[in-house]
Participant: 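This is the structure, below, for whatever I ask next.
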Amino acid sequence: AQSVTQLDSHVSVSEGTPVLLRCNYSSSYSPSLFWYVQHPNKGLQLLLKYTSAATLVKGINGFEAEFKKSETSFHLTKPSAHMSDAAEYFCVVSDRPSGGSYIPTFGRGTSLIVHP
Amino acid sequence: NAGVTQTPKFQVLKTGQSMTLQCAQDMNHEYMSWYRQDPGMGLRLIHYSVGAGITDQGEVPNGYNVSRSTTEDFPLRLLSAAPSQTSVYFCASTKVTGGYEQYFGPGTRLTVT
(Lines give C-alpha, C1' and ligand atoms only; values in the text may rest on other atoms or scores of the structure.)
Protein backbone atom coordinates (compact mmCIF):
# COMPACT_ATOMS: atom_id res chain seq x y z
CA ALA A 1 0.00 0.00 0.00
CA GLN A 2 1.14 3.53 -0.63
CA SER A 3 0.34 6.88 0.92
CA VAL A 4 1.67 10.41 0.89
CA THR A 5 1.47 13.22 3.43
CA GLN A 6 2.16 16.85 2.67
CA LEU A 7 2.99 18.28 6.03
CA ASP A 8 1.86 21.85 5.39
CA SER A 9 -1.38 22.96 3.76
CA HIS A 10 -0.02 26.51 3.32
CA VAL A 11 3.51 27.90 3.17
CA SER A 12 4.13 31.64 3.07
CA VAL A 13 7.49 33.15 2.05
CA SER A 14 8.86 36.48 0.94
CA GLU A 15 10.18 36.91 -2.57
CA GLY A 16 13.87 36.06 -2.70
CA THR A 17 13.84 33.76 0.34
CA PRO A 18 14.15 29.95 0.25
CA VAL A 19 11.20 27.64 -0.26
CA LEU A 20 10.69 24.30 1.52
CA LEU A 21 7.61 22.17 0.86
CA ARG A 22 7.57 18.96 2.86
CA CYS A 23 6.39 15.54 1.72
CA ASN A 24 6.56 12.16 3.49
CA TYR A 25 5.55 8.94 1.82
CA SER A 26 4.83 5.32 2.57
CA SER A 27 5.43 2.58 0.05
CA SER A 28 5.72 -1.20 0.01
CA TYR A 29 8.23 -1.13 -2.82
CA SER A 30 10.80 1.22 -4.25
CA PRO A 31 8.51 4.04 -5.24
CA SER A 32 8.45 6.61 -7.98
CA LEU A 33 7.92 10.10 -6.56
CA PHE A 34 6.78 13.26 -8.27
CA TRP A 35 6.08 16.91 -7.60
CA TYR A 36 3.45 18.66 -9.70
CA VAL A 37 2.55 22.35 -9.73
CA GLN A 38 -0.89 23.81 -10.40
CA HIS A 39 -1.28 27.49 -11.11
CA PRO A 40 -4.73 29.03 -10.53
CA ASN A 41 -7.40 27.67 -12.88
CA LYS A 42 -4.87 25.51 -14.73
CA GLY A 43 -4.07 21.84 -15.04
CA LEU A 44 -1.14 20.18 -13.28
CA GLN A 45 2.38 20.32 -14.66
CA LEU A 46 5.30 18.09 -13.73
CA LEU A 47 8.05 19.85 -11.77
CA LEU A 48 10.33 16.87 -11.22
CA LYS A 49 10.39 13.12 -10.66
CA TYR A 50 12.43 10.50 -8.83
CA THR A 51 12.59 7.02 -10.34
CA SER A 52 15.46 5.27 -8.50
CA ALA A 53 18.33 7.08 -10.18
CA ALA A 54 20.10 10.03 -8.47
CA THR A 55 18.59 10.88 -5.09
CA LEU A 56 18.89 14.64 -5.69
CA VAL A 57 16.53 15.51 -8.50
CA LYS A 58 16.55 18.82 -10.35
CA GLY A 59 13.37 20.10 -11.95
CA ILE A 60 12.10 23.08 -13.84
CA ASN A 61 12.19 26.69 -12.65
CA GLY A 62 15.02 26.10 -10.17
CA PHE A 63 13.20 23.56 -8.00
CA GLU A 64 14.87 20.43 -6.68
CA ALA A 65 13.99 17.59 -4.33
CA GLU A 66 15.98 15.00 -2.42
CA PHE A 67 14.82 11.42 -1.97
CA LYS A 68 15.70 10.25 1.56
CA LYS A 69 14.77 6.61 1.99
CA SER A 70 15.74 6.49 5.69
CA GLU A 71 13.37 9.37 6.42
CA THR A 72 10.75 8.39 3.78
CA SER A 73 10.78 12.00 2.63
CA PHE A 74 10.85 13.83 -0.67
CA HIS A 75 10.92 17.53 0.23
CA LEU A 76 10.80 20.19 -2.49
CA THR A 77 13.14 23.18 -2.26
CA LYS A 78 14.09 26.30 -4.16
CA PRO A 79 16.85 28.71 -3.08
CA SER A 80 15.01 31.91 -3.93
CA ALA A 81 11.25 32.32 -4.35
CA HIS A 82 9.78 34.31 -7.20
CA MET A 83 6.31 35.80 -7.35
CA SER A 84 5.47 33.46 -10.23
CA ASP A 85 6.05 30.45 -7.91
CA ALA A 86 2.78 31.17 -6.10
CA ALA A 87 0.70 28.07 -6.82
CA GLU A 88 -0.55 24.75 -5.42
CA TYR A 89 2.03 21.96 -5.22
CA PHE A 90 1.24 18.26 -5.11
CA CYS A 91 3.51 15.42 -4.02
CA VAL A 92 2.67 12.10 -5.70
CA VAL A 93 3.83 8.56 -4.92
CA SER A 94 3.48 5.43 -6.98
CA ASP A 95 4.54 1.89 -6.21
CA ARG A 96 5.75 0.03 -9.22
CA PRO A 97 2.81 -1.03 -11.37
CA SER A 98 1.12 -4.28 -10.53
CA GLY A 99 -0.65 -6.31 -13.17
CA GLY A 100 -0.25 -3.55 -15.72
CA SER A 101 -1.99 -0.89 -13.64
CA TYR A 102 -0.44 2.38 -12.60
CA ILE A 103 -2.31 4.05 -9.75
CA PRO A 104 -0.56 7.04 -8.21
CA THR A 105 -1.58 8.59 -4.90
CA PHE A 106 -1.73 12.37 -4.58
CA GLY A 107 -1.06 14.40 -1.49
CA ARG A 108 -3.64 16.96 -0.47
CA GLY A 109 -1.52 19.83 -1.76
CA THR A 110 0.47 22.74 -0.34
CA SER A 111 -0.46 26.26 -1.28
CA LEU A 112 2.66 28.41 -1.71
CA ILE A 113 2.10 32.10 -1.05
CA VAL A 114 4.84 34.52 -2.08
CA HIS A 115 4.87 38.03 -0.61
CA PRO A 116 6.60 40.93 -2.37
CA ASN B 1 1.02 18.43 -30.31
CA ALA B 2 -2.09 19.60 -28.49
CA GLY B 3 -1.33 17.29 -25.56
CA VAL B 4 -4.46 16.52 -23.50
CA THR B 5 -7.63 18.40 -24.36
CA GLN B 6 -10.86 18.50 -22.39
CA THR B 7 -14.30 19.83 -23.23
CA PRO B 8 -16.26 21.62 -22.00
CA LYS B 9 -14.32 23.99 -19.72
CA PHE B 10 -17.39 24.85 -17.66
CA GLN B 11 -20.74 23.12 -17.21
CA VAL B 12 -23.80 23.62 -15.03
CA LEU B 13 -26.20 20.72 -14.62
CA LYS B 14 -29.42 20.19 -12.74
CA THR B 15 -29.71 17.24 -10.37
CA GLY B 16 -30.60 14.12 -12.33
CA GLN B 17 -29.26 15.27 -15.68
CA SER B 18 -26.60 13.27 -17.48
CA MET B 19 -23.64 14.44 -19.51
CA THR B 20 -20.32 13.36 -20.97
CA LEU B 21 -16.99 15.03 -20.32
CA GLN B 22 -14.70 14.63 -23.30
CA CYS B 23 -10.97 13.93 -23.12
CA ALA B 24 -8.52 13.37 -25.96
CA GLN B 25 -4.75 13.00 -26.21
CA ASP B 26 -2.44 12.98 -29.22
CA MET B 27 0.67 11.51 -27.59
CA ASN B 28 -0.22 7.85 -28.20
CA HIS B 29 -0.16 7.05 -24.48
CA GLU B 30 -1.77 3.81 -23.42
CA TYR B 31 -2.65 4.93 -19.89
CA MET B 32 -5.37 7.50 -19.29
CA SER B 33 -7.12 8.55 -16.10
CA TRP B 34 -9.91 10.72 -14.76
CA TYR B 35 -9.56 12.60 -11.48
CA ARG B 36 -11.74 14.92 -9.49
CA GLN B 37 -10.28 17.75 -7.45
CA ASP B 38 -12.07 19.09 -4.40
CA PRO B 39 -10.71 21.74 -2.00
CA GLY B 40 -8.24 20.27 0.49
CA MET B 41 -8.57 16.76 -0.97
CA GLY B 42 -5.90 16.67 -3.64
CA LEU B 43 -6.79 14.66 -6.73
CA ARG B 44 -8.81 11.48 -6.39
CA LEU B 45 -8.87 8.84 -9.09
CA ILE B 46 -12.30 8.07 -10.58
CA HIS B 47 -11.53 5.62 -13.40
CA TYR B 48 -8.51 4.69 -15.43
CA SER B 49 -7.63 2.78 -18.57
CA VAL B 50 -4.48 0.86 -19.48
CA GLY B 51 -5.37 0.68 -23.16
CA ALA B 52 -8.20 0.64 -25.67
CA GLY B 53 -11.00 -1.61 -24.49
CA ILE B 54 -9.67 -1.87 -20.91
CA THR B 55 -10.98 0.25 -18.03
CA ASP B 56 -11.03 -0.09 -14.27
CA GLN B 57 -12.31 1.71 -11.20
CA GLY B 58 -10.30 4.06 -9.09
CA GLU B 59 -10.93 5.41 -5.61
CA VAL B 60 -14.26 7.20 -6.24
CA PRO B 61 -16.05 5.53 -9.20
CA ASN B 62 -19.67 5.68 -8.06
CA GLY B 63 -21.92 7.71 -10.34
CA TYR B 64 -19.46 7.69 -13.26
CA ASN B 65 -18.94 5.50 -16.31
CA VAL B 66 -16.07 5.37 -18.78
CA SER B 67 -15.25 3.61 -22.02
CA ARG B 68 -12.12 3.49 -24.15
CA SER B 69 -12.80 2.59 -27.76
CA THR B 70 -9.64 4.27 -29.11
CA THR B 71 -6.20 5.11 -27.75
CA GLU B 72 -6.91 8.82 -28.17
CA ASP B 73 -10.28 9.26 -26.44
CA PHE B 74 -11.43 8.59 -22.89
CA PRO B 75 -14.85 10.11 -22.15
CA LEU B 76 -16.33 10.28 -18.66
CA ARG B 77 -20.09 9.95 -18.28
CA LEU B 78 -22.14 11.23 -15.39
CA LEU B 79 -25.22 9.04 -15.30
CA SER B 80 -27.50 11.09 -13.03
CA ALA B 81 -25.80 14.19 -11.70
CA ALA B 82 -25.87 14.92 -7.97
CA PRO B 83 -24.70 18.03 -6.06
CA SER B 84 -21.89 15.90 -4.56
CA GLN B 85 -20.41 15.69 -8.06
CA THR B 86 -19.76 19.42 -8.14
CA SER B 87 -16.01 19.48 -8.65
CA VAL B 88 -13.20 20.16 -11.07
CA TYR B 89 -12.45 17.18 -13.29
CA PHE B 90 -9.05 16.48 -14.80
CA CYS B 91 -8.14 13.99 -17.46
CA ALA B 92 -4.54 12.76 -17.63
CA SER B 93 -2.51 10.55 -19.91
CA THR B 94 0.59 8.77 -18.69
CA LYS B 95 3.91 8.30 -20.45
CA VAL B 96 5.05 4.84 -19.38
CA THR B 97 8.64 5.01 -20.60
CA GLY B 98 10.97 7.07 -18.41
CA GLY B 99 8.97 6.93 -15.22
CA TYR B 100 5.19 7.33 -15.56
CA GLU B 101 5.00 11.08 -16.01
CA GLN B 102 1.40 12.27 -16.23
CA TYR B 103 0.16 14.95 -18.62
CA PHE B 104 -2.98 16.77 -17.52
CA GLY B 105 -5.73 18.51 -19.40
CA PRO B 106 -6.88 22.01 -18.40
CA GLY B 107 -9.88 20.70 -16.45
CA THR B 108 -13.66 20.93 -16.53
CA ARG B 109 -15.40 22.87 -13.77
CA LEU B 110 -18.76 21.22 -13.12
CA THR B 111 -21.52 22.62 -10.95
CA VAL B 112 -24.61 20.55 -10.14
CA THR B 113 -27.57 22.46 -8.73
Side-chain angles (χ1 to χ4, degrees), chain A residues 1-10 21 23 25 27 29-54 57 59-60 65 67 87-111, chain B residues 2-7 9-10 21 23-25 27 29-61 68 87-109:
Chain A
Q2 63 192 26
S3 67
V4 60
T5 302
Q6 291 185 241
L7 296 166
D8 306 291
S9 59
H10 297 85
L21 305 183
C23 173
Y25 70 91
S27 172
Y29 303 99
S30 296
S32 294
L33 291 156
F34 308 81
W35 277 98
Y36 286 85
V37 61
Q38 183 183 30
H39 287 95
N41 300 312
K42 300 289 187 185
L44 280 72
Q45 178 187 15
L46 181 71
L47 268 181
L48 49 80
K49 64 184 177 187
Y50 166 78
T51 55
S52 76
V57 181
I60 61 172
F67 173 70
E88 191 84 13
Y89 292 79
F90 293 95
C91 183
V92 180
V93 64
S94 176
D95 286 338
R96 61 182 181 217
S98 172
S101 298
Y102 167 71
I103 304 178
T105 298
F106 283 73
R108 295 195 171 197
T110 298
S111 178
Chain B
V4 179
T5 58
Q6 290 183 238
T7 56
K9 289 193 173 169
F10 302 93
L21 279 63
C23 174
Q25 54 99 1
M27 296 172 283
H29 293 162
E30 292 295 326
Y31 288 83
M32 294 186 74
S33 309
W34 274 103
Y35 294 90
R36 60 177 289 171
Q37 182 179 27
D38 302 292
M41 300 291 291
L43 271 70
R44 291 183 292 169
L45 183 65
I46 304 171
H47 285 285
Y48 66 98
S49 169
V50 300
I54 307 170
T55 63
D56 207 344
Q57 296 180 351
E59 179 186 356
V60 288
R68 184 96 180 271
S87 188
V88 181
Y89 292 85
F90 288 99
C91 177
S93 72
T94 301
K95 180 181 175 185
V96 172
T97 55
Y100 293 89
E101 175 181 348
Q102 290 185 284
Y103 294 78
F104 287 85
T108 295
R109 186 174 295 273

Participant: Please give me the minimum heavy-atom distance between B/Y48 and B/S33, naming the atom from each residue.
Facilitator: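 In terms of heavy atoms, the two residues are closest at CB-OG, 3.9 Å.
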Participant: Are there residues of residues 88-95 of chain B that reach to under 4.5 Å of chain A by heavy atoms, and which ones?
Facilitator: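 Within residues 88-95 of chain B, the residues that come under 4.5 Å of chain A (heavy atoms only) are B/F90, B/T94.
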Participant: Can you say whether A/Q38 sits under 4.5 Å from chain B via the side chain, the backbone, both, or neither, judging by heavy atoms?
Facilitator: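 It is the side chain, since no backbone atom gets that close.
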Participant: State the OH-CZ distance between B/Y35 and B/F104, to the nearest 0.5 angstrom.
Facilitator: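 That separation rounds to 5.5 Å.
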Participant: Among B/M41, B/E30, B/K9, B/Q6, which has the most heavy-atom pairs under 4.5 Å with chain A?
Facilitator: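 The answer is B/M41.
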Participant: Side chain, backbone, both or neither: which part of B/E59 has a non-hydrogen atom closer than 4.5 Å to chain A?
Facilitator: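 For B/E59, no heavy atom lies under 4.5 Å from chain A.
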Participant: So, using salt bridge (charged side-chain N to carboxylate O under 4.0 Å, His left out) as the criterion, who are the partners of A/D8 when residues are at least two apart?
Facilitator: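 For A/D8, the residues satisfying salt bridge (charged side-chain N to carboxylate O under 4.0 Å, His left out) (neighbours in sequence not counted) are A/R22.
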Participant: Do A/W35 and A/V57 make a side-chain contact, defined as non-hydrogen atoms from C-beta onward lying under 4.5 Å apart?
Facilitator: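 No, too far: nothing below the 4.5 Å cut-off.
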Participant: If you compare all heavy atoms of B/G42 against all heavy atoms of A/F90, which two are closest, and at what distance to 0.1 Å?
Facilitator: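 Minimum heavy-atom separation between B/G42 and A/F90: CA-CE2, 3.7 Å.
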Participant: For A/Y36, which atoms come within 4.5 Å of any heavy atom of chain B: side chain, backbone, both, or neither?
Facilitator: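 Answer is side chain: those atoms of A/Y36 sit under 4.5 Å from chain B.
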Participant: How long is the span from the CZ atom in A/F106 to the CD atom in A/Q6, to the nearest 0.5 Å?
Facilitator: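 Between A/F106 CZ and A/Q6 CD, I get 10.5 Å after rounding to 0.5 Å.
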Participant: For B/T55, enumerate each residue passing the side chain to side chain contact (heavy atoms under 4.5 Å, CB included) test, keeping only those at least two apart in sequence or located in another chain.
Facilitator: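 For B/T55 the side chain to side chain contact (heavy atoms under 4.5 Å, CB included) partners, ignoring immediate neighbours, are B/S49, B/V66, B/R68, B/F74.
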Participant: Report the residue from A/P104, A/P31, A/S32 that forms a side-chain contact (heavy atoms from CB on, under 4.5 Å) with A/V93.
Facilitator: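 The side-chain contact (heavy atoms from CB on, under 4.5 Å) with A/V93 is passed solely by A/P31 among A/P104, A/P31, A/S32.
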Participant: Show every donor-acceptor pair shorter than 3.5 Å between a side-chain atom in residues 39-49 of chain A and any protein atom, with sequence neighbours excluded, or say none if there are none.
Facilitator:
from  : atom 1 : to     : atom 2 : distance (Å)
A/H39 : NE2    : A/S84  : O      : 3.1
A/N41 : OD1    : B/R109 : NH2    : 3.4
A/K49 : NZ     : B/G98  : O      : 2.5

Participant: Below 4.5 Å from any heavy atom of chain A, which atoms of B/Y103 appear? Answer side chain, backbone, both or neither.
Facilitator: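 Nothing of B/Y103, per the 4.5 Å heavy-atom cut-off to chain A.
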Participant: Using non-hydrogen atoms only, which part of B/L45 is less than 4.5 Å away from chain A: side chain, backbone, both, or neither?
Facilitator: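 The side chain, not the backbone.
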